[in-house]
Each structure stands twice: as structure tokens, then as C-alpha cells.
Amino acid sequence: MRFDEMVSRRLTAALIWLSIATGAIYLFLFEPGKTGFFPGCPFRMLTGFTCPGCGSTRGLHRLVHGDLVGAFEFNPLMVVSLPFLLYALVRYTSAAVTGRPLQQYRLNAKYIWALFAVIMCFWVFRNTRLYPFPI
């Protein structure tokens with residue numbers, strides 16, 4: 001790996017972690033919907049329906065305050081996906097810091113379609129009367 005590429009990857013990893021830390025501090029200090037600047041969901045404003053991401057900001061606010069159940073109630077899909085996203089970020093950071101090349105994993109198309117189906121089913125389900133959590 002070239003030196004400038006290694007520096008670029010390390011800088012990218014550092015900026016991602018810094019952005020996450022800054023966002024977490026902001027979410028810790030300000031409650032979405034009550035204080036601070038938090039834009040609304042454009043899909044919900046246009047249609048009146050919730051999207052798969054609705055409730056994520058309020059859920060992350062609960063999560064940085066240590067309330068995992070409250071975060072799950074705002075957006076279960078977000079809470080379930082966070083460990084996978086964290087794993088990917090740690091893997092990228094580890095490769096960037098050590099200078100090793102990032103191993104390429106290719107997901108089979110059936111897993112991508114299955115993930116797409118889960119997101120679409122969640123999207124429809126959370127807009128029905130059967131959805132158990134308030135939004």
C-alpha cells in the first residue's frame with residue numbers, strides 16, 4: 001500500500017470516528033423534537049407515513065443515554081443494524097491503522113435481496129395498526 005493511500009485511509013477513519021463522537025455528544029445534550037436542530041423526515045412530511053429510518057434520531061438519543069429498550073421502541077431496525085455497522089467500521093479502522101489491505105467480501109445477491117425484503121416489510125409493517133410501538 002502506498003504511503004499517501006495509507007494516510008488517506010487513516011484520516012478517513014479518524015474523521016468518521018470524530019463525526020460519530022460529535023454526533024453522539026450533540027444527541028446526548030439535545031433531545032430531538034424538543035431542543036436543538038433536527039430536521040424532520042421528508043418522506044413523512046410529504047406522505048404522512050413513516051419510513052424505515054423514522055425514529056432513528058430519537059432512538060440514538062435514547063441509546064447514548066443508555067436506554068436500549070427505548071431506542072428499540074423508536075426504531076427496532078436501527079438498533080438491530082448498529083452492531084453490523086459498528087463491526088464494519090472497526091474492521092475498516094483496523095485495516096487503516098495497521099496498513100493491511102481491507103479484505104473484500106462479496107455478498108451473495110440473495111442476501112442483498114433478503115435484506116431489501118426485510119427493510120420493505122418493516123416499512124409496510126410499521127405503517128399498520130399492528131405495529132406495537134408509538135412513532
(message) Using the rule given for side chain to side chain contact (heavy atoms under 4.5 Å, CB included), can you reason through L85 versus L89, listing the C-alpha separation, both sets of side-chain angles and the distance that settles it, and then say yes or no?
(response) CA-CA 6 Å; L85 295 172; L89 181 57; over 6 Å; no
Side-chain ([X]) to main-chain ([Y]) donor-acceptor, under 3.5 angstrom:
X    : Y    : value
R100 : A95  : no
W123 : V118 : no
S19  : L15  : yes
T128 : F125 : yes
T22  : L18  : yes

(message) Is there a side-chain contact between Y92 and R9 in this structure, where contact means two heavy atoms from C-beta onward sitting under 4.5 Å apart?
(response)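 Y92 reaches R9 side chain to side chain.
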(message) Could you tell me if the side chain of L82 sits less than 4.5 Å from the side chain of L60, heavy atoms only?
(response)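 Touching, per the 4.5 Å side-chain cut-off.
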(request) For Y26, check ring pair (Phe, Tyr, Trp, His ring centres under 6.0 Å) against everything at least two apart and list the hits. (result)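 Counting only residues at least two positions away or on another chain, Y26 forms a ring pair (Phe, Tyr, Trp, His ring centres under 6.0 Å) with F30, F38.
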Given the rule that I, L, V, M, F, W and Y join up when any side-chain heavy atoms are under 4.5 Å apart, are [X] and [Y] in one cluster?
X    : Y    : answer
M6   : I16  : no
V90  : V97  : no
F133 : V80  : yes
I25  : F37  : yes
F84  : L102 : no

(request) Please check if atom CZ in F49 has more than 12 non-hydrogen atoms from other residues, nucleotides or ligands closer than 6.0 Å. (result)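 Counting neighbours around CZ of F49, 12 or fewer heavy atoms of other residues, nucleotides or ligands fall under 6.0 Å, so no.
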Looking at every non-hydrogen atom in both residues, tell me the closest pair between [X] and [Y] and how far apart they are.
X    : Y    : answer
V79  : P83  : O-CD, 3.3 Å
R58  : P32  : CG-CB, 3.7 Å
P52  : R126 : O-NH1, 3.6 Å
A71  : R62  : N-CB, 3.7 Å
Y131 : P76  : OH-CD, 3.2 Å

(message) By the salt bridge (charged side-chain N to carboxylate O under 4.0 Å, His left out) test, which pairs, at least two apart or in different chains, include something from residues 34-55?
(response)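 Every salt bridge (charged side-chain N to carboxylate O under 4.0 Å, His left out) pair that includes a residue of residues 34-55, provided the two are not neighbours, is E31-K34.
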(message) Applying side chain to side chain contact (heavy atoms under 4.5 Å, CB included) to F122 and N75, what does each step give before you reach the verdict?
(response) CA-CA 10 Å; F122 176 70; N75 192 324; 3.7 Å; yes
Spacing of [atom1] belonging to [X] relative to [atom2] belonging to [Y], to within rounding of 0.5 Å:
X    : Y    : atom1 : atom2 : answer
C51  : N127 : SG    : CG    : 9.0 Å
F72  : L77  : CZ    : CG    : 9.5 Å
C121 : F116 : SG    : CZ    : 10.0 Å

(request) Evaluate side chain to side chain contact (heavy atoms under 4.5 Å, CB included) for M120 paired with V124, printing each intermediate quantity in order. (result) CA-CA 6 Å; M120 296 309 289; V124 170; 5.7 Å; no
(request) List, by chain and then residue number, the residues other than Y111 in its hydrophobic cluster (Ile/Leu/Val/Met/Phe/Trp/Tyr, side-chain heavy atoms under 4.5 Å); write none if there are no others. (result)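 Joined to Y111, directly or through intermediates: L107, I112.
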(request) Apply the test side chain to side chain contact (heavy atoms under 4.5 Å, CB included) to residues L63 and L27: give CA-CA distance (whole Å), side-chain angles for both, the deciding distance (0.1 Å), then the verdict. (result) CA-CA 9 Å; L63 203 56; L27 275 171; over 6 Å; no
